[in-house]
There are 2 protein chains.
Amino acid sequence: MQYSVGVEYALHCLVYLIPNESTIGIKELAFFQGIPETYLSKIFTKLTKAGIISSVPGVKGGFKLARDPDDISFWDIVEAVEGKKPIFQCQNIKDKGYLYRDRDCSGCEVSTSSCSINLVMLEAEETMQNYLRSKKLSWLEEELDRVLPAQTRKETRAFFAKGNSINASE
Amino acid sequence: MQYSVGVEYALHCLVYLIPNESTIGIKELAFFQGIPETYLSKIFTKLTKAGIISSVPGVKGGFKLARDPDDISFWDIVEAVEGKKPIFQCQNIKDKGYLYRDRDCSGCEVSTSSCSINLVMLEAEETMQNYLRSKKLSWLEEELDRVLPAQTRKETRAFFAKGNSINASE
DNA sequence: TTAATCGTCGATATAATTTGACTATAATAT
DNA sequence: ATATTATAGTCAAATTATATCGACGATTAA
């Protein structure tokens, strides 16, 4: 059980969009990180639909953040890529069970009451979501400034600054 | 992204083991719930190896809890079935990236520092784990007594009480 | 001994993930 | 206008993970 790599791609890519001075294309992002373009483009479609980034088609097009980095949380990104389905989904095996499978139980209390196990799992997941909601892209930007060598940060920003960006062609 | 059904099977099955008055077999558990025997037996192997339940081989054998229900948490069960790997695993795409892929970076600071994004995801997961660690099987037992109709609970316990348990053969 | 039961190992079937090839459409530079 | 360069979307191959079945050996109660 794991999140898809799409989540990792999305989180890492969005770091580069934070400066938000110009649009950045899929090609540049994929080349810079050594990851496949086609898959990344699908991830970006999801992020666009979720309103996290906005797309600019055509020559000199690309993507930029659609909201303030302080208004984009880790959870927004995970949810956009992975969807809204909970990690644990109870398939209500009770209903297939010996006590009920041969009875018509459409109206009785057991079939309407929700599974206690399911509730616990949902609550557990919610604590995780709340933690991720509290971490914003703006925080990540500061954290990276603190943690990464200044040289690395500078080179990275230089790569994505428009003008010298024809480096995407090897 | 989802936990496997194995987690659901395990949680539901362990409920029936709580009384711990006699061993219960895979066949009974699978029949009662209408789920496949073979898969369930694999799940139970995992639970056994994790020290949550213990197995009694031979005729009239089966499974029983290896510890007090107050000492078995939801997380123990999830971890036993799903393994210890984190939900989010950073594959360090940084290292394949443009800035580093052509350099020998075996000793430099960037490759040793851990990814901030990864840390956040691990911390988030930990909050979920802590919640699940706080919920024990003993709590679940009380909760089910409170929530389910007394009739259902009684019928269920009767099914698994040894003696009349040849009902597993349809 | 025999039948029931767990433990282990593969085989298989189904589904999800990841990637690639290709087409359509939209915007811009010239 | 047209060529160019971008995203958007479709289709499907390749890979991996999940779920299920089946077979065989070991153990044990009757």
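Sequence lines set the chain letters: A, B, ... in the order given, protein chains first and strands last, and positions in each chain run from 1. Worth knowing before you read on, the calculation uses all heavy atoms, side chains too, and leaves out hydrogens, waters and symmetry mates.
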Partner of A:F160 under ring-ring contact (aromatic ring centres under 6.0 Å, His included), chosen from A:F31, A:Y16, A:F63: A:Y16
In one Ile/Leu/Val/Met/Phe/Trp/Tyr side-chain cluster, 4.5 Å: B:L122, B:Y131: no
Interatomic distance where CD1 belongs to B:I24 and C1' belongs to C:dT5 [whole Å]: 15 Å
Which residues share a ring pair (Phe, Tyr, Trp, His ring centres under 6.0 Å) with A:Y39, sequence neighbours left out: A:Y9
Flag, side chain of B:Q33 to backbone of B:L29, donor-acceptor distance under 3.5 Å: yes
Lys/Arg N to Asp/Glu carboxylate O, B:E141 vs B:R153, below 4.0 Å: yes
First-last contacting nucleotides on DNA chain D - partner chain B, under 4.0 angstrom, heavy atom: D:dA19 to D:dA29
Report, one pair per line, the protein and nucleotides 9-16 of chain C atoms (nitrogen or oxygen only) whose separation is under 3.5 Å.
residue: C:dG10; atom: O6; partner: B:K42; partner atom: NZ; Å: 2.3

Sugar-phosphate only, base, or nothing, as touched by B:F63 at under 4.0 Å among non-hydrogen atoms: sugar-phosphate
Spacing of CD belonging to A:Q129 relative to CG belonging to A:D76, to within rounding of 0.5 Å: 11.0 Å
Whole-Å gap separating C1' (C:dG20) and NZ (A:K27): 15 Å
Separation of atom CZ in B:F44 from atom P in C:dT5, rounded to whole Å: 14 Å
B:V5 or A:V59, whichever maps to the more 5' nucleotide of DNA chain D: A:V59
Rounded distance (Å) that lies between atom P of C:dT18 and atom CD of B:Q89: 12 Å
Residue that, paired with A:S138, satisfies side chain to side chain donor-acceptor pair (under 3.5 Å) out of A:D68, A:D70, A:D71: A:D70
Nearest-Å distance for atom pair CD/P, residues A:E82 and C:dT18: 8 Å
Whichever of A:E37 and A:P57 has its nearest DNA chain C nucleotide further upstream toward 5': A:E37
Candidate pair B:M1 and A:S4, rule side-chain contact (heavy atoms from CB on, under 4.5 Å), full reasoning: CA-CA 7 Å; B:M1 210 279 307; A:S4 74; over 6 Å; no
Heavy-atom closest contact (B:L137 atom, B:I77 atom, distance): CD2-CD1, 4.2 Å
Sugar-phosphate, base or nothing in reach of B:S4, heavy atoms under 4.0 Å: sugar-phosphate
B:I26 CD1 - C:dT5 P separation (whole Å): 11 Å
Nearest-nucleotide 5' precedence on DNA chain D, A:K49 against A:G58: A:G58
OP1 or OP2 of C:dG7 under 4.0 Å from side-chain N/O of B:S55: yes
5'-most by nearest nucleotide on DNA chain C - A:Y3 or A:V56: A:Y3
